[in-house]
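These notes are about the structure you will find just below.
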Amino acid sequence: MPRLLARLVERALPPLAWAAALSVPAAFFGLLAFLLWRGLPSLSLALFFGDTPPLAALLHGAPVFDGLWPACLGTLYLVLLSCCLAIPLGIASGICLARYATGRAKALLDFCVDLLAGIPSILMGLFGFALILLLRKTLWPGANTCLLLSALCLALLVLPYLISSTRSCLEGLPPELRLTGASLGLSPWQITARILLPAASQGILSGVILAVGRAAEDTAVILLTGVVANAGAPGLLTDKYEALPFHIYYLAAEYQTPQELSQAFGAALVLLCLTAALFAASRRLQAGLERRWKSGRNNRNGSIRA
Amino acid sequence: MNSAILVEDLSVSFAGQEVLRGLNLEIQAGGPTVLVGRSGLGKTTLLRAVNRLNECLPDCVTTGRVRLRLGGEWVEAYGPATVVEDLRKRVGMVFQTPNVLPVSVERNIALPLRLALGLSAAEIEARQEQALREARLWDEVKDRLAAPAQTLSGGQQQRLCLARALAFAPDILLLDEPTSSLDYKAARGIEDLLLELASRYTLLVVSHSLNQARRLARFMFVLREDGQVEAVDKEALGDKERLLTLMDELF
Ligand SMILES: Nc1ncnc2c1ncn2[C@@H]1O[C@H](COP(=O)(O)OP(=O)(O)OP(=O)(O)O)[C@@H](O)[C@H]1O
Ligand SMILES: [Mg+2]
């Protein structure tokens, strides 16, 4: 009887595994189709720029009142800014955990990273909000929620992804690589920066992609730290700003007409495209860096950089 | 005599397990000096003690004294004033298993030269070709210098590692079974090269093959079970029968 059961399991396992694996692309394409169906009809220049002439908005910064353009810019700035803050810090922490920290210090750091990864994003938003309150009472009475604050809180939110991916990739490299570098008279820093990090760049990229995606979609953090429905294109780092996820949330929650709801779907589609473009850009950057590292040439037939 | 490496009272242990115990050894300049011994006794560990690579391994403790003659001067390998990176640039090592970097063939030589020695691109290119020619690899790879080094065969990778070490123009070369992945003829080619290089470098070679040891060795040492080395005297080296009986005793 147990043998029959075992054979049954044996038989059933492959189809079940396939079904589980296929459910991912099925969900993705289902979602995409739904978004396209609802969002595509609303896509037009007017969705982006409202009544403002597009060229005037693009070239001369004419204010856009009734379109997605300021929110697109806001999200782009937000993602770039928080990644600029989080990527160097995350990679550096990953290096520290993988190469330098040992024993109890490592365990403690590890615990902190896990803890940070477990913090809900609304808490991160509250933290930013409380920080501003504190600043107002102490050093900086004029402090207010703004783009920079949101970027800071988002950076904190995505930091664990970067740390974990850098760390696990560095630890997954063959130990001979480090030994080889040392035997060739390279300094520990040269080994890390010029051998190990480039060799791990593919894995680090996946952490960066996760971070970019998370920073682009998060609404809870920015809700409490500076996003508003109407701010125009972002100016200073200390200004309020608009962002796509908040725009979608706002439209979907408060729409008056069916057109406004379909605008929300259009905005969702735009957010998806924006994130995909950022993914593609980081992938290209990494591929270029890796090719340069592997061949010492800037392009396929370029000069030797050695 | 003209010695190049002096090892005094060297002990190396991994996680409390002693591998080498109070080892004394004097290696002559040039050579080749061949080191033989049973597998797992610590030949690789001894080579790594010379370029201080053991300290890159976890839980390794080294005591004792190693002096090397680099550029005409004696250097205290484990001395506090010694910069370990400078030492390793002058003491090349070819690993037992080929350890190419995951980059292109030419970059395998160019990247370390550039990082460690800071040479110009022109100088690197010149050294690269010369080293590849010396390692008998140039004809096989000259058309695929930009290919990933992992696409080379095992033997080719081993010669690439040899070329990389040669490109540094070191004073001392440590070779851990440099022909283990090569066929008979290619191995003979490398042996000829090593005999030729012995006029320029000090060579310390680990070998598993008695025949190879006989062809190569100007000096020979056997690593014993107790973590010490024993010199094989000159007459025994020339006499195949005596060498065989000696080996039988030791292995
Ligand atoms: N990184 C390490 N950590 C722990 N023990 C090690 C390490 N490297 C070597 N050892 C131990 O040291 C001893 C000697 O190893 P070594 O590699 O020097 O032997 P070997 O003489 O080169 O052997 P072979 O001829 O098989 O290459 C072995 O018992 C091995 O288990
Ligand atoms: Mg060995």
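Note: hydrogens, waters and symmetry copies are ignored here, and every other heavy atom, side chains too, is used. Predicted model, so just to flag it, every value in this text is computed and none were measured. Just so it is clear: chains get the letters A, B, ... in the order the sequence lines come, proteins before strands, and each one is counted from 1.
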Highest number of heavy-atom pairs under 4.5 Å with chain A among B:Cys56, B:Ala116, B:Pro102, B:Ala146 belongs to B:Pro102
Ignoring hydrogens, what is the shortest heavy-atom contact between A:Lys294 and B:Arg107? Give both atom names and the distance. O-CB, 3.5 Å
Taking side chain as everything from C-beta outward and backbone as N, CA, C, O, which of these in B:Arg52 sits under 4.5 Å from a heavy atom of chain A? Side chain, backbone, both or neither. neither
Answer yes or no: are there more than 12 heavy-atom neighbours, outside B:Phe14 itself, under 6.0 Å from its atom CZ? yes
For residues 184-191 of chain A, give me every residue with a non-hydrogen atom less than 4.5 Å from any non-hydrogen atom of chain B. A:Leu184, A:Gly185, A:Leu186, A:Ser187, A:Pro188, A:Gln190
Side chain to side chain contact (heavy atoms under 4.5 Å, CB included), that's the test. Do A:Thr180 and B:Arg164 meet it? Break it down for me. CA-CA 11 Å; A:Thr180 303; B:Arg164 187 172 63 193; 3.6 Å; yes
For chain A, find its close neighbours in residues 171-179 of chain B: heavy-atom separation under 4.5 Å, sorted by number, or none. none
Closest heavy-atom contact between B:Leu111 and A:Trp293? CD2-NE1, 3.8 Å
OG of A:Ser183 to CZ of B:Arg48, rounded to nearest 0.5 Å, is 11.0 Å
To the closest 0.5 Å, what do you measure between CD1 (A:Ile195) and CG (B:Leu115)? 6.5 Å
Measure the shortest side-chain to side-chain distance between B:Leu101 and A:Glu176 over non-hydrogen atoms and say whether it is less than 4.5 angstrom. no
